[in-house]
Asker: 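Take a look at this one; I'll ask things after.
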Amino acid sequence: MRQRFPVTCVAGAATLALLLSACGGSADASGEADTDARLTIAYPAQPPNLDPAVSTASATVAMTINVWEPLVTRDSQDEIQPMLAESWEISDDGRTYTFHLREGVLFHDGTDMTSEDVVASLSRWSELSGPGQAYFSGATWSEVDDYTVQVELEQPSFGVLLALSGDREQTAPIMPAEIAEAAGSDPVTEIIGTGPFTFVEWEADRHLSLDRWDDYQPVEGEPDGRAGDRTAQVAGIDYEFVTDGATRVLGLQTGEYDVAMEIPYDNAPDVLEDESLVAGSYPVILLNLYYNKAEGMFADVEARRAVDTALERDSIMTAAVGEDFYTLTHSMMLDTQSGQWSSDVGADQFNQADPAAAEAMLEDLGLSGESVRIITTQDYGESYSAGVVIQEQLRNIGLDVSLDTYDWPTFTEVRDDPSAYDLAVIPNTAKDDPGTLVFFREDFAGFTDSPDELLAEYRASATLEEAAEHYDGLQEWFFDYLPVSKLGDADNIYGHSPDVSVDVVGSSIIWWTATVSD
């Protein structure tokens with residue numbers, strides 16, 4: 001377990017490799033790097049398509065981020081850095097962004113990247129993607145000259161650079177203009193970018209292959225997060241689609257795979273205890289306990305506060321994901337996002353784990369012995385396992401608690417019915433922008449009374465720096481209103497051969513810096 005008050009990098013009983021990975025370092029392979037080697041990666045799911053403008057699937061981003069590049073990116077400290085744009089300016093009124101492109105950058109088909117390609121790519125992405133619609137609604141992209149582009153916004157928005165540099169979902173890739181224009185609102189079928197790897201083939205339900213591009217033109221600077229030189233250190237990457245977690249682990253143990261991604265928590269000991277393998281993890285999930293605020297006892301914030309006071313999160317998260325694969329932090333964002341979103345608000349209220357105080361609060365509210373319905377899903381084991389412990393903890397403060405378990409499709413229907421439950425354990429994917437976290441939405445599970453004025457003030461920020469100054473206010477609302485009780489940051493677990501070295505930054509592995517030793 002890693003707990004943050006404030007942020008430091010601490011681990012429990014993890015292996016050295018896990019410690020390094022969790023803290024944003026790398027597990028180093030011994031020996032000299034073999035630049036002719038290929039990486040074979042066992043991946044749990046194939047993407048629905050390879051176009052991040054229309055797909056929200058994490059697999060789409062995970063694979064295509066090696067092929068396509070954005071105008072700007074982020075370093076290991078979450079600071080915005082150049083990629084295909086070498087510099088940019090923002091007008092005094094915050095409505096015009098001017099990007100100066102790097103010259104001499106080639107697409108994989110050998111053609112030059114120019115302003116025409118950027119305008120076509122980002123006009124389409126702005127219209128189709130979630131981040132594009134959120135931050136570029138009504139915006140106009142235009143060519144100033146062959147290597148300068150502008151975007152005119154209807155109103156200033158701090159999210160411009162945040163969205164253009166995003167790496168979690170629906171990234172903003174630059175592709176040849178004719179490909180973007182021909183695709184329209186359909187997924188692109190020609191995968192041609194400027195990145196360190198070229199697309200080779202995708203055989204449905206089996207594998208997807210990428211080759212190193214030897215004519216890659218890197219940005220200046222050493223690799224730093226997703227910034228700097230992205231020159232590939234291996235000859236190629238072969239993603240093998242292996243849906244069963246135990247099969248991914250077995251293939252890793254037999255040498256069929258160099259890397260196995262998203263190892264189930266139940267299978268983690270098979271990797272951690274195998275001295276011939278290296279294990280690591282990185283945070284990606286916000287595990288939250290949702291309160292039904294539309295009706296029932298938890299429409300009262302004081303009832304929500306009583307439950308939050310009772311929760312002992314170490315036990316909950318250990319049951320959910322294992323003792324080495326979570327972080328406790330009071331922030332509504334991932335702990336690894338604290339470089340951009342940092343606040344001390346709520347630190348003294350988080351994880352009080354005081355059942356006696358909680359029981360007294362319920363008695364004062366006249367709620368002792370009340371019936372509480374928790375819903376979970378076993379399709380996400382962390383949801384069910386956390387729910388079992390929460391049920392026991394709430395019974396210990398005098399509540400009559402039932403636990404109802406559904407398959408995922410049914411769960412998503414039940415959670416939208418305010419008469420069907422009181423509490424729901426839901427794993428949420430982390431977002432780049434706190435204002436887009438789903439518990440702010442009135443139409444999502446929990447039925448939040450959204451703080452519209454606070455969000456409007458926050459969203460009116462012209463720059464990221466100004467938006468960050470509003471984060472204290474969002475955190476204050478989060479702890480005053482308690483739309484959810486954050487349980488913890490849950491990790492994805494991966495394993496690899498000791499001959500492989502990988503760098504973990506934030507919530508992902510950087511594949512262009514990965515090496516394989518002789």
Side-chain angles (χ1 to χ4, degrees), residues 285-321 326 328 332 349-355 357-359 361-362 365-408 410-428 437-449 478-488 490:
I285 294 295
L286 304 165
L287 191 59
N288 290 315
L289 177 65
Y290 277 71
Y291 298 100
N292 177 0
K293 301 175 289 295
E295 60 183 71
M297 65 183 287
F298 295 115
D300 183 348
V301 67
E302 294 306 319
R304 304 198 292 269
R305 201 172 310 285
V307 166
D308 186 76
T309 299
L311 297 176
E312 195 278 287
R313 287 163 169 84
D314 280 307
S315 297
I316 295 168
M317 293 302 296
T318 297
V321 302
Y326 71 90
L328 297 186
M332 70 176 79
Q349 298 170 250
F350 181 73
N351 200 30
Q352 295 179 63
D354 191 342
E359 188 170 7
M361 293 167 72
L362 291 176
L365 293 168
L367 296 175
S368 296
E370 285 292 308
S371 296
V372 173
R373 296 166 296 175
I374 304 176
I375 60 170
T376 67
T377 174
Q378 285 192 323
D379 288 348
Y380 287 89
E382 63 270 30
S383 171
Y384 173 74
S385 297
V388 170
V389 179
I390 292 169
Q391 179 187 32
E392 184 63 24
Q393 290 186 3
L394 298 189
R395 282 176 173 172
N396 289 339
I397 62 171
L399 294 173
D400 180 15
V401 187
S402 62
L403 183 67
D404 298 330
T405 305
Y406 302 93
D407 59 54
W408 179 248
T410 305
F411 179 86
T412 59
E413 294 178 5
V414 173
R415 74 185 186 188
D416 291 335
D417 180 358
S419 67
Y421 67 96
D422 299 297
L423 301 170
V425 184
I426 304 179
N428 293 142
L437 290 166
V438 289
F439 53 70
F440 278 101
R441 287 168 39 190
E442 297 179 4
D443 62 344
F444 191 74
F447 320 106
T448 294
D449 183 7
F478 183 72
F479 279 94
D480 285 347
Y481 179 76
L482 281 177
V484 302
S485 281
K486 183 179 179 183
L487 302 174

Asker: Is the centre of the Y290 ring less than 6.0 Å from the centre of the Y421 ring?
Answerer: no
Asker: Nearest 0.5 Å please: distance from the CG atom of L482 over to the CD atom of E302.
Answerer: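 Going from CG on L482 over to CD on E302, the span is 9.0 Å.
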Asker: Could you check whether S485 and Y291, counting side-chain N and O atoms only, form a donor-acceptor pair closer than 3.5 Å?
Answerer: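 Per modelled atom types, Y291 and S485 side chains form a pair under 3.5 Å.
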Asker: Step by step, would you call I375 with F411 a side-chain contact (heavy atoms from CB on, under 4.5 Å)?
Answerer: CA-CA 8 Å; I375 60 170; F411 179 86; 3.7 Å; yes
Asker: If you look at every heavy atom in E295 and S419, which pair is closest and at what distance?
Answerer: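 Taking every non-hydrogen atom into account, OE2-CA, 3.5 Å.
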Asker: I'd like to check I426 versus N288 (side-chain heavy atoms, cut-off strictly below 4.5 Å). Are they in contact?
Answerer: no
Asker: Given V425, which partner from the list L403, V484, I390 fulfils the side chain to side chain contact (heavy atoms under 4.5 Å, CB included) test?
Answerer: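 The side chain to side chain contact (heavy atoms under 4.5 Å, CB included) with V425 is passed solely by I390 among L403, V484, I390.
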Asker: Is it the case that R313 places NZ or CZ above or below the six-membered ring of F350, under 6.0 angstrom from the centre and within 45 degrees of the axis?
Answerer: yes
Asker: Distance from L487 atom CG to D314 atom CG, nearest 0.5 Å?
Answerer: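 Separation between the atoms: 11.5 Å.
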Asker: Which residue pairs satisfy the salt bridge (charged side-chain N to carboxylate O under 4.0 Å, His left out) criterion with at least one member in residues 366-375, sequence neighbours excluded?
Answerer: R373-D422
Asker: Output yes when a side-chain donor or acceptor of E382 lies under 3.5 Å from a complementary backbone atom of V321, and no otherwise.
Answerer: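 Judged by distance alone, no pair lies under 3.5 Å.
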Asker: Looking at D480 and R305, is there a salt bridge between them, counting it only when a charged N and a carboxylate O are closer than 4.0 Å?
Answerer: no
